[in-house]
Every structure is written in C-alpha cells, then in structure tokens.
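Lettering of chains follows the sequences in order, A, B, ..., and the numbering in each one begins at 1.
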Amino acid sequence: MLLLATACEDTTDAPQSATQWMLQHTDDYLHDTQWRRAELEDSLWRPELPYAQKRLDAYALPSGGWDALPEFQVNVESVGKNPKTITVTNERPTTQKQWLELGEQIFWYMPMRRDPYLEWIATQPQLWNELGLQSDSQGNLLGLVRYKDPLGRARVAVTCGFCHHDNGRVGAANSHLDLGRARAMFGSAVGQDWPTGTVDVTDDHVNDPVAIPDLFNVEHQAYINHAASVRVASPASLAIRFESQFIEGQSMMARPSRAQVWALTMFVVSLDSDTQPNTELPGFNVFQTACASCHQPEHAFGGTLSPPEAVNSDPTVVHSPMRGTGYFKVPTLLGASKSTTFMNDASLHSLEDVLRTGHPTGETLPENDLQNLLQFLNTL
Amino acid sequence: MKSLLSLLLLALPLVACLEESDDSNWNLTENNQTQNNQNNNTTPDPKISPVLSAEFVSGHLGNYVDCPEQGYDAGARSAEPGGAGLWEGDCAEDGCGILNCEGAQVTFTLKNEGRVEAQNLRITSIELFNTDGLKVADLPLESVQAVETGEPLANVGGDSQGMFYMFFKGPAQPYELLEAQDGQWGRAGILLIKLKADNHAEFTLETPNIYVLDNIAT
C-alpha cells in the first residue's frame with residue numbers, strides 16, 4: 001500500500017503563478033488587516049532601517065494609522081497637446097481580465113508622486129524630448145498627470161508609466177529620463193546631478209542615484225530596490241510597497257484604493273520581457289560557470305543578495321542610512337538583451353561593456369568565452 | 001453662649017426635618033460643566049457632557065530643506081504662529097518655486113462619545129519630543145480643518161466623529177533638534193498634542209514616531 005501511495009504521489013505540480021496566488025488571496029489583502037500586517041513584516045527583513053520603521057509604525061495597525069486615511073479617487077487629466085480626463089474605478093473586478101485591465105489603467109494614471117519641478121516640466125514642452133519624456137500618439141506625455149491633491153490643490157505627478165516604460169515597452173526602464181537635469185534646470189537648491197536614467201530615491205542626504213529598473217519578471221525577484229530593502233515574500237509584498245509608496249508620495253494624507261493597488265500589482269507581475277533564452281548555445285555553458293552562482297537560471301536568471309565588494313559598481317546606495325542593507329539585490333537578467341543601461345549606478349550601456357569591464361569582480365573572460373557568453377546573454 | 005445655644009436650637013428642626021429616605025440629597029454628583037475636578041480621572045457623564053478622544057492616523061514633520069525660514073527655528077523665533085504657512089496657495093497658480101518645501105502635518109480622528117456637543121474645540125499646544133523622551137520644542141500651530149469639508153475645527157457634535165488635518169510649523173533643522181543622546185542623527189520625533197473645549201477638560205493626543213518628510217518618496 002505504501003509503495004502504491006508513493007508511486008501515486010504527484011510530483012509534477014506546477015508552481016502557482018503570482019497572478020493565481022493573487023486571485024486566491026484577494027479577500028485577504030482587501031479585508032484582513034492582520035494578514036496584511038504579517039505580509040508587511042515578512043517583506044521588511046531589515047526592520048531597523050528607517051524605511052522599514054516608518055511602515056511598521058503606520059501600516060495595518062489594529063486601529064488608526066494609514067488604514068484610517070481617506071481613500072483617494074483617481075480622477076486625473078493627461079498633460080500635453082490633447083489633454084483628456086481619466087477617472088479610474090475603485091470597484092473590485094470580478095475576472096482576471098478585469099483585474100489586469102484595471103491594473104494597466106492604474107499603472108498609467110495613478111499619481112504616485114508629486115513634485116514642484118514636475119509641474120514646471122509640464123509647462124515646458126520644448127524640453128520634453130531633451131529630458132527623455134515620452135508622449136503618446138495624441139501628443140500627451142506618458143506617465144505624467146494633473147490632479148487635485150487631498151487638499152484640493154492642482155498638482156502634477158508621475159505615475160508608474162513615467163519611469164517604467166520605454167518606447168512602447170511597458171515595464172522597461174526609461175533609461176533616457178534625465179530627471180537630474182530637469183531638477184537642476186528647475187533650480188534645485190541641492191543642485192545634485194543624477195546621471196541619465198537614474199533617480200536618487202533614498203532621501204538620505206547622500207548622492208546615491210540608482211538606475212531605474214525594468215519591471216519584468218518581478219515575481220521571480222527575491223528582493224526589490226537596488227539595496228534589497230524589501231524582500232519579495234509574496235506578491236503582497238509588492239502591493240504593500242506600492243500602497244506605502246503612494247501614501248508617502250501624497251505626504252501621508254490619503255491612501256489608494258486597495259482594489260486598485262491589487263490590480264496594479266497583478267498587472268506588474270504579469271509583465272514579461274518577451275525574450276527567449278537559448279540554453280542550447282555554447283555561451284550557456286560559460287554562463288553556468290561564470291554567472292549562474294548569482295544569476296540562477298531557475299530563478300529567472302536572478303538571485304538573492306550580493307555583498308558590494310563582490311561587484312565592481314558604485315556601492316554607495318547599499319550603505320544608505322535610510323535603506324541600505326549592506327547588500328545589492330541580484331536582479332533578473334531577463335530583458336537584459338533589450339536594455340540600454342546596466343549596473344545599479346547606470347554606469348554601463350551595453351552587455352559588452354559589462355563583460356569588458358569584468359563584471360562582477362573586474363576580471364575579464366578569455367575572448368572566446370566572452371563572445372560566446374555575449375551571444376547567449378543577447379537571448380535573455 | 002446664649003447666642004450659640006439659640007443657633008443650635010434653631011438648627012435642630014432643620015436636621016429633624018430631613019427625611020431619612022431622602023438619601024439622594026447626599027449623593028455627590030460630578031458637575032462637568034464647571035472647571036472643577038480638572039485633574040481627577042473621573043469619566044465625564046456622556047448624558048450631560050461631551051466625551052472626547054483623539055487618535056493619530058498619520059503625519060510628518062515637514063521638509064524645510066529649501067525654505068528653512070518657513071520652519072520652526074529653536075534659536076531664532078518664539079512659538080508664536082507665523083501666519084498661514086506653507087499650506088496656503090496652489091502650486092499651479094504660484095508655481096511654488098521651491099523643491100523641498102512642505103509644512104508639517106498630522107491627520108487625526110476625533111470622537112465625541114457624549115451626547116453633548118463639544119464647543120470651541122481647539123488645540124492648545126504641540127510639544128515635540130525626541131526619541132529619548134526629551135522635550136525639544138513647542139511647535140506653532142497653523143490651522144486645523146476637517147478632512148471631508150475643509151471647515152475649521154470648532155464644535156464637535158454629540159455621538160459623532162470626524163477626521164482632521166492639523167498643519168503646523170515643523171522644525172527647520174530637525175536633525176540637530178531631534179538628535180538623540182547617543183548622538184544619532186534625529187529623523188523622528190514624538191508629538192504630544194493638547195486639545196481642549198469650552199465644556200471639556202484638556203486631553204492629549206500622543207503620536208508614535210513621526211518623521212521628516214522625504215525629499216523623494218518612492
């Protein structure tokens with residue numbers, strides 16, 4: 001009987017996709033405070049960091065805290081030649097297709113972060129191309145919206161699509177964005193310079209801008225943020241991150257609809273790099289030897305953590321007093337063949353540059369191996 | 001002596017006239033309509049007075065990196081309110097013109113579990129403590145308004161609750177002001193906000209750690 005039982009055991013269960021998991025746990029996220037609290041604590045693996053402390057002090061408390069904030073209604077206007085008004089429902093979808101459609105709307109239209117310099121940019125169309133801003137076919141900027149903030153004041157804010165979209169590829173980093181220059185042009189008193197394609201998000205009064213990341217295959221990332229500040233314990237980790245990002249972006253005066261945030265998360269985890277790794281190439285063998293200890297093929301060619309001394313790029317961000325964990329996250333390489341910016345500091349601009357500078361440690365491969373590896377990497 | 005005796009004799013009938021069953025005359029009842037008993041812990045009677053409490057929702061100490069003159073400077077000014085502060089005006093109209101310049105703000109809920117309207121409810125002080133528990137400043141209040149209507153805080157009806165935004169001057173130099181005893185860079189403080197109504201004793205709202213507003217929030 002035991003042999004039969006063993007023989008009958010099904011060992012081929014496919015892992016549940018992030019979307020399926022999210023559909024299963026929708027009620028938990030929308031209605032169960034304790035569940036969300038547990039998910040938050042699971043994702044903040046360095047609870048002593050100020051970034052984590054803020055959230056632990058305020059999110060999913062038994063009473064009060066951010067959960068008590070008024071819910072924000074997404075009612076925005078696009079910025080450009082033919083502005084249009086967009087209102088996004090916060091009603092709960094009933095099918096996966098509806099969830100993803102809602103998520104896509106939120107990706108483009110939820111005002112995540114407002115800033116005076118964005119308001120100025122909105123009035124300077126002659127600078128949009130130069131600063132890397134992208135427009136749709138109607139001449140309206142992608143990812144920049146006008147709206148009324150919780151106090152009823154007219155504002156301009158960025159949405160996810162501002163940074164995480166490039167030339168029609170949703171999820172790809174907009175590596176042409178020159179927000180550092182935009183801010184400098186606006187006359188920032190700080191006057192810090194950010195290289196093209198980077199943003200300083202750490203708010204630690206240290207100049208540590210980091211590359212805007214692609215959003216592909218996020219469900220396979222073990223951590224997000226370059227300094228691995230947030231552990232992706234489940235897709236809920238991403239949802240909670242988006243929720244708190246919005247709340248901070250609105251100065252803690254409103255919170256987003258959870259149905260909208262769940263939809264956004266479902267949409268983001270559905271983003272695919274649309275590439276086909278070719279493991280038949282000889283370069284895959286080189287990859288296995290030289291790269292796979294960190295970029296594991298079975299984890300979407302990503303990994304967990306890397307100490308900064310093991311990688312030849314600017315380590316400043318991993319020591320950030322706000323978010324630094326002492327480690328870099330190891331990102332997925334899926335989509336790398338279409339990227340134009342590499343490394344956390346956006347210091348390199350092609351896969352060949354990456355290999356020729358000897359990533360990760362500075363030692364370069366023999367030329368033949370390098371060429372084979374490059375050929376393989378160009379399929380990721 | 002005769003006068004005293006006469007007085008005592010006169011008092012006897014008064015004592016004798018008290019009905020033994022009239023015990024209620026001897027029961028002390030709390031009169032919460034006066035300023036008496038401010039410091040005792042007796043709960044107000046909800047039938048005849050407001051019963052007020054406040055709960056913290058969210059908040060921040062502002063960001064005055066590019067406009068330190070708009071924040072509270074412990075060395076340079078008194079705790080007197082300086083006017084409307086940074087929360088007036090619309091960036092679309094006046095362009096703001098400054099990157100990191102946003103006044104301090106707290107959101108809280110107010111509940112009146114009594115049946116009587118609380119009248120002329122107001123904030124009387126905002127005390128800032130560092131994370132060691134040391135008081136470091138009295139911060140100037142700018143305004144308080146209802147989240148839903150934008151109306152200023154004034155009266156709170158019986159059996160009701162509402163959410164309010166409180167705007168105030170945060171510290172212009174928070175890191176120095178909030179520095180902890182161990183020399184750690186101060187990023188967070190604790191506020192003790194005192195509130196009072198004409199017909200309710202002073203009560204307090206203590207926040208958890210609240211932080212300086214980020215330059216970039218992502």
Specify the closest pair of heavy atoms between N130(B) and I190(B), including all atoms of both residues, with the distance to one decimal. O-CD1, 4.4 Å
Quick one about N209(B) and Q53(A) (side-chain donor to acceptor, distance below 3.5 Å, no hydrogens or angles considered), yes or no? no
With distance as the sole test, does N112(B) use its side chain to make a donor-acceptor pair with the main-chain N or O of V51(B) at under 3.5 Å? yes
Between S63(A) and chain B, with a heavy-atom cut-off of 4.5 Å, which part of the residue counts as in contact: side chain, backbone, both or neither? both
Honestly, the part of W66(A) sitting under 4.5 Å from a heavy atom of chain B is both
For V147(B), is it the side chain, the backbone, both, or neither that has a heavy atom closer than 4.5 Å to a heavy atom of chain A? side chain
Note: vs chain B, highest number of non-hydrogen pairs under 4.5 angstrom among A254(A), G65(A), P50(A), P150(A) is G65(A)
Distance-only, no hydrogens or angles: does the R255(A) side chain make a donor-acceptor pair with backbone N or O of F246(A) under 3.5 Å? no
Where does T109(B) contact chain A at under 4.5 Å (heavy atoms): side chain, backbone, both or neither? neither
Please flag which part of A58(A) lies under 4.5 Å from any non-hydrogen atom of chain B: side chain, backbone, both or neither. neither
Within the distance-only criterion (no hydrogens, no angle test), does the side chain of Y165(B) pair as donor or acceptor with the backbone N or O of M253(A) below 3.5 angstrom? yes
Below 4.5 Å from any heavy atom of chain A, which atoms of E148(B) appear? Answer side chain, backbone, both or neither. neither
Check whether the side chains of D149(A) and Q250(A) place a donor and an acceptor atom closer than 3.5 Å, and report yes or no. no
